[in-house]
A.B. asks: 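Take a look at this one; I'll ask things after.
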Amino acid sequence: GENVEQHPSTLSVQEGDSAVIKCTYSDSASNYFPWYKQELGKGPQLIIDIRSNVGEKKDQRIAVTLNKTAKHFSLHITETQPEDSAVYFCAASLSGGSYIPTFGRGTSLIVHP
Amino acid sequence: GAVVSQHPSWVICKSGTSVKIECRSLDFQATTMFWYRQFPKQSLMLMATSNEGSKATYEQGVEKDKFLINHASLTLSTLTVTSAHPEDSSFYICSASAGVAYEQYFGPGTRLTVT
């Protein structure tokens, strides 16, 4: 089955800095890669996703890049703000198949004001 | 759009009793719903997948007689924890999808504490 590794487990940055979270996956058939933000005591919220037919997607301060050859994808947050502090999860799945995503272990992002 | 609700948001129950958690898709028809369990500072653990009108598919190691899942309509799925024990205390999260090719949207979670 699919295996998703996520690094780092904790990331501490100063407000205004950029933050990068990286994930690797094992199943080359995976073609859908969502990122979720989970605030304390809440459910995960989909913040951005990318499909295998593109290499990069951007939404304001958030971007995701995908390298299918190397089987890794990354979340980039620019101009971080304290409200970006949360746990971020990456996931990989096969759209159109079972579509059950495999989640990474999560990254706790702390943005210091 | 794509709003999923859960009720209750938190519940405390005594050991041996059963508790039901509801998951509703508010603005779309959810062909598939998923139930997850999350321990503190850990990732989401998929418990089961349910399709409307069908029996749920449970992940290996999840007791189907203990965690009863019913997906009675395209907008409602329920998880019943039967004969709850303190070790069942956890954060339970549902998600809903319009189909196998569509994104999952998560509910806000339910904190279950069994005393």
Side-chain angles (χ1 to χ4, degrees), chain A residues 1-11 21 23-25 29-53 57 59 64 75 85-110, chain B residues 1-10 21-26 28 30-51 56-60 62 79 90-113:
Chain A
E2 176 66 274
N3 182 49
V4 176
E5 298 285 339
Q6 183 173 347
H7 298 280
S9 57
T10 304
L11 180 58
I21 302 170
C23 289
T24 60
Y25 61 100
S30 291
N31 60 5
Y32 177 63
F33 308 92
W35 285 89
Y36 296 91
K37 176 184 180 181
Q38 186 178 27
E39 297 177 343
L40 190 63
K42 298 184 179 180
Q45 177 189 10
L46 178 68
I47 56 172
I48 196 167
D49 56 14
I50 191 168
R51 299 184 188 273
S52 60
N53 57 345
K57 184 176 179 181
D59 183 5
V64 57
L75 176 71
S85 297
V87 178
Y88 292 80
F89 292 98
C90 64
S93 68
L94 178 60
S95 177
S98 65
Y99 198 71
I100 299 174
T102 300
F103 287 88
R105 289 181 174 268
T107 296
S108 177
L109 174 63
I110 303 167
Chain B
V3 178
V4 176
S5 70
Q6 273 184 250
H7 178 80
S9 55
W10 59 271
I21 302 170
E22 292 187 349
C23 177
R24 293 181 184 272
S25 57
L26 300 183
F28 67 101
T31 305
T32 306
M33 285 186 168
F34 305 85
W35 285 95
Y36 293 85
R37 184 174 180 177
Q38 187 178 36
F39 292 103
K41 298 187 177 181
Q42 292 192 24
S43 190
L44 296 91
M45 182 189 79
L46 180 65
M47 299 174 65
T49 304
S50 71
N51 293 297
T57 301
Y58 290 81
E59 295 298 300
Q60 191 172 9
V62 178
L79 167 68
S90 192
F91 193 50
Y92 292 88
I93 309 171
C94 73
S95 71
S97 171
V100 294
Y102 296 87
E103 297 85 351
Q104 283 190 39
Y105 294 94
F106 286 85
T110 296
R111 173 74 58 191
L112 170 63
T113 301

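In what follows, every heavy atom counts, from backbone to side chain, and hydrogens, waters and symmetry copies are set aside. Chain A is the first sequence line, chain B the second, and so forth, proteins listed ahead of strands; every chain is numbered from 1.
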A.B. asks: I'd like to check the side-chain hydrogen bond (donor to acceptor under 3.5 Å, both in side chains) partners of A:E2; sequence neighbours left out, ordered by chain and number.
C.D. replies: A:S26, A:S30
A.B. asks: How many angstroms lie between CD in B:Q38 and CZ in A:F89, if you round to the nearest 0.5 Å?
C.D. replies: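 Result: 5.0 Å between the selected atoms.
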A.B. asks: Short question: side chain of B:S43, backbone of A:G106 - any donor-acceptor pair under 3.5 Å?
C.D. replies: no
A.B. asks: Going by the rule side-chain hydrogen bond (donor to acceptor under 3.5 Å, both in side chains), which residues pair with B:S25 if we only count those two or more places apart in sequence or in a different chain?
C.D. replies: none
A.B. asks: Checking side chain to side chain contact (heavy atoms under 4.5 Å, CB included) for the pair A:K42/B:F106: CA distance, chi angles, key distance, verdict?
C.D. replies: CA-CA 10 Å; A:K42 298 184 179 180; B:F106 286 85; over 6 Å; no
A.B. asks: Can you tell which part of A:Q38 gets under 4.5 Å to a heavy atom of chain B, answering side chain, backbone, both or neither?
C.D. replies: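 For A:Q38, the contact with chain B is made by the side chain alone.
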A.B. asks: Rounded to the nearest 0.5 Å, how far does CD of B:Q104 lie from OH of A:Y32?
C.D. replies: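 If I round to the nearest 0.5 Å, the distance is 8.5 Å.
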A.B. asks: Please identify, among A:P44, A:S108, A:P34, the residue contributing the most non-hydrogen atom pairs under 4.5 Å to chain B.
C.D. replies: A:P44
